[in-house]
Novice: 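Submitted below is the structure of interest, expressed as structure tokens.
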Amino acid sequence: MNEIYEEKINDLKFINFSTDFMFKTILTSRRGRKFLKALLENILHIKIDSEIIIKNNELNKRFKNEKSKRTDILVEVNNYSINLEMNSEYSHQLANKNGTYLSYLHSIRYKPGESYQNDKIVFQINFDLYDYFNKNQLVYECKLMDTSYYLVEDISYVKYHINVAYFKDKSYNVSELNKLERLVGIIGSSSFKEIDELSLGDRVMEETVSFMKGITSEEWAQGIY
């Protein structure tokens with residue numbers, strides 16, 4: 001980065017990846033698709049070998065008096081339906097709302113004529129700007145299971161809580177972070193310096209950071225925040 005460009009960037013107001021605007025803009029755009037793919041592969045421990053399809057985030061009503069439901073991001077890939085939510089602060093109402101989204105997606109995962117023999121898994125990934133269980137952990141994986149022996153009863157219904165605040169007020173050496181930690185670190189970063197350091201040496205992350213800076217430099221974007 002040349003000095004003139006660096007000075008221009010540093011004069012701008014930093015727009016966090018975790019804002020509703022930036023989160024949706026990057027992860028639903030073509031330019032952000034590789035970053036989204038990296039996130040999904042590293043959180044879900046899957047290999048994505050087909051196109052990620054961005055779906056309409058407004059869930060269809062099944063009957064007249066059903067409450068409207070609009071997710072943050074909804075994608076389909078391989079045999080998975082994946083809902084991504086950015087949560088700024090915990091509330092009982094928010095937990096109920098996100099649980100309703102997951103239950104709805106689980107209930108419609110089979111289309112008419114499809115065999116129940118085919119495993120169709122629904123994931124919800126919550127990017128929380130707080131530690132959901134207060135256990136100082138980056139990733140929490142929640143499944144329906146027996147509470148005595150912790151045996152998983154249903155593999156088709158999985159919820160994740162990603163602790164985006166994990167690195168807040170912590171000192172860390174970027175070279176010691178794994179890929180998921182760096183990806184989540186970028187989402188939770190609060191400065192250009194942080195995203196530059198976290199992305200250095202990884203082409204997908206560097207391209208995404210460049211995309212973020214391009215959006216940030218737009219006058220209309222600066223006027224939002």
Novice: Check the pair Asn83, Asn98 against side-chain contact (heavy atoms from CB on, under 4.5 Å), reporting the backbone distance first and the verdict last.
Specialist: CA-CA 9 Å; Asn83 168 215; Asn98 289 342; 5.6 Å; no
Novice: My understanding is that only one of Phe17, Phe23, Phe211 makes a ring pair (Phe, Tyr, Trp, His ring centres under 6.0 Å) with Phe35; could you say which?
Specialist: Phe17
Novice: Is the side chain of Arg109 donor-acceptor paired with the backbone N or O of Asp119 at a distance under 3.5 Å, no angle test?
Specialist: no
Novice: Fit a plane to each ring of Phe123 and Tyr160, take the angle between them on a 0 to 90° scale, and name the class: parallel (under 30°), tilted (30 to 60°) or perpendicular (over 60°).
Specialist: tilted
Novice: Quick one: does any side-chain atom of Glu206 pair with a main-chain N or O of Gly201 as donor and acceptor, under 3.5 Å?
Specialist: yes
Novice: Do Asn163 and Gln137 make a side-chain contact, defined as non-hydrogen atoms from C-beta onward lying under 4.5 Å apart?
Specialist: no
Novice: Who pairs with Tyr110 by ring-ring contact (aromatic ring centres under 6.0 Å, His included), at least two apart in sequence or on another chain?
Specialist: Tyr116
Novice: Has Lys168 got more than 12 heavy atoms of other residues, nucleotides or ligands less than 6.0 Å from its NZ?
Specialist: no
Novice: Can you name the closest pair of heavy atoms from Lys159 and Gly99 and give their distance?
Specialist: NZ-CA, 4.0 Å
Novice: Taking all heavy atoms of Ser190 and all of Asn16, pick out the closest pair and write down the distance.
Specialist: CA-ND2, 3.7 Å
Novice: Taking side chain as C-beta onward, heavy atoms only, is Ile155 less than 4.5 Å from Lys143?
Specialist: no
Novice: For the backbone of Ser148 and the side chain of Asp146, can you confirm whether one donor and one acceptor N or O come within less than 3.5 Å of each other?
Specialist: yes
Novice: Tell me if a side-chain donor or acceptor on Arg33 pairs with a main-chain N or O of Thr28 at a distance below 3.5 Å.
Specialist: yes
Novice: Is a donor on one side and an acceptor on the other found under 3.5 Å between the side chain of Asp72 and the backbone of Met86?
Specialist: yes
Novice: For Val77, is there any backbone N or O sitting under 3.5 Å from a side-chain donor or acceptor partner on Ser50?
Specialist: no
Novice: Tell me whether Lys55 contacts the main-chain N or O of Ile53 through its side chain, where contact means a donor paired with an acceptor under 3.5 Å.
Specialist: no
Novice: Does the Tyr101 side chain pair with the main chain of Arg70, one donor and one acceptor, at a distance under 3.5 Å?
Specialist: yes
Novice: Rounded to the nearest 0.5 Å, what separation is found between the OH atom of Tyr132 and the SG atom of Cys142?
Specialist: 7.5 Å
Novice: What pairs of donor and acceptor atoms, side-chain ones from residues 36-49 against any protein atom, are under 3.5 angstrom apart with sequence neighbours left out?
Specialist:
{"from": "Lys37", "atom 1": "NZ", "to": "Glu41", "atom 2": "OE2", "distance (Å)": "3.2"}
{"from": "Glu41", "atom 1": "OE2", "to": "Ile48", "atom 2": "N", "distance (Å)": "2.9"}
{"from": "Asn42", "atom 1": "ND2", "to": "Ala38", "atom 2": "O", "distance (Å)": "2.7"}

Novice: Within a radius of less than 6.0 Å around CD of Gln93, do more than 12 heavy atoms belonging to other residues, nucleotides or ligands occur?
Specialist: no
Novice: Between Glu85 and Lys97, is there a side-chain N and carboxylate O pair less than 4.0 Å apart?
Specialist: no
Novice: When rounded to the nearest 0.5 angstrom, what is the spacing between CD in Glu194 and OH in Tyr172?
Specialist: 4.5 Å
Novice: Less than 4.0 Å between a side-chain N and a carboxylate O, is that true for Lys34 and Asp202?
Specialist: no
Novice: Just checking, any donor-acceptor pair under 3.5 angstrom between side chains of Asn57 and Thr71?
Specialist: no
Novice: Would Asp20 and Lys24 pass as an ion pair if we require N to O under 4.0 Å?
Specialist: yes
Novice: Nearest 0.5 Å please: distance from the CG atom of Asn87 over to the CG atom of Leu129.
Specialist: 8.0 Å
Novice: Would you say Asn178's side chain and Glu181's backbone share a donor-acceptor pair under 3.5 angstrom?
Specialist: yes
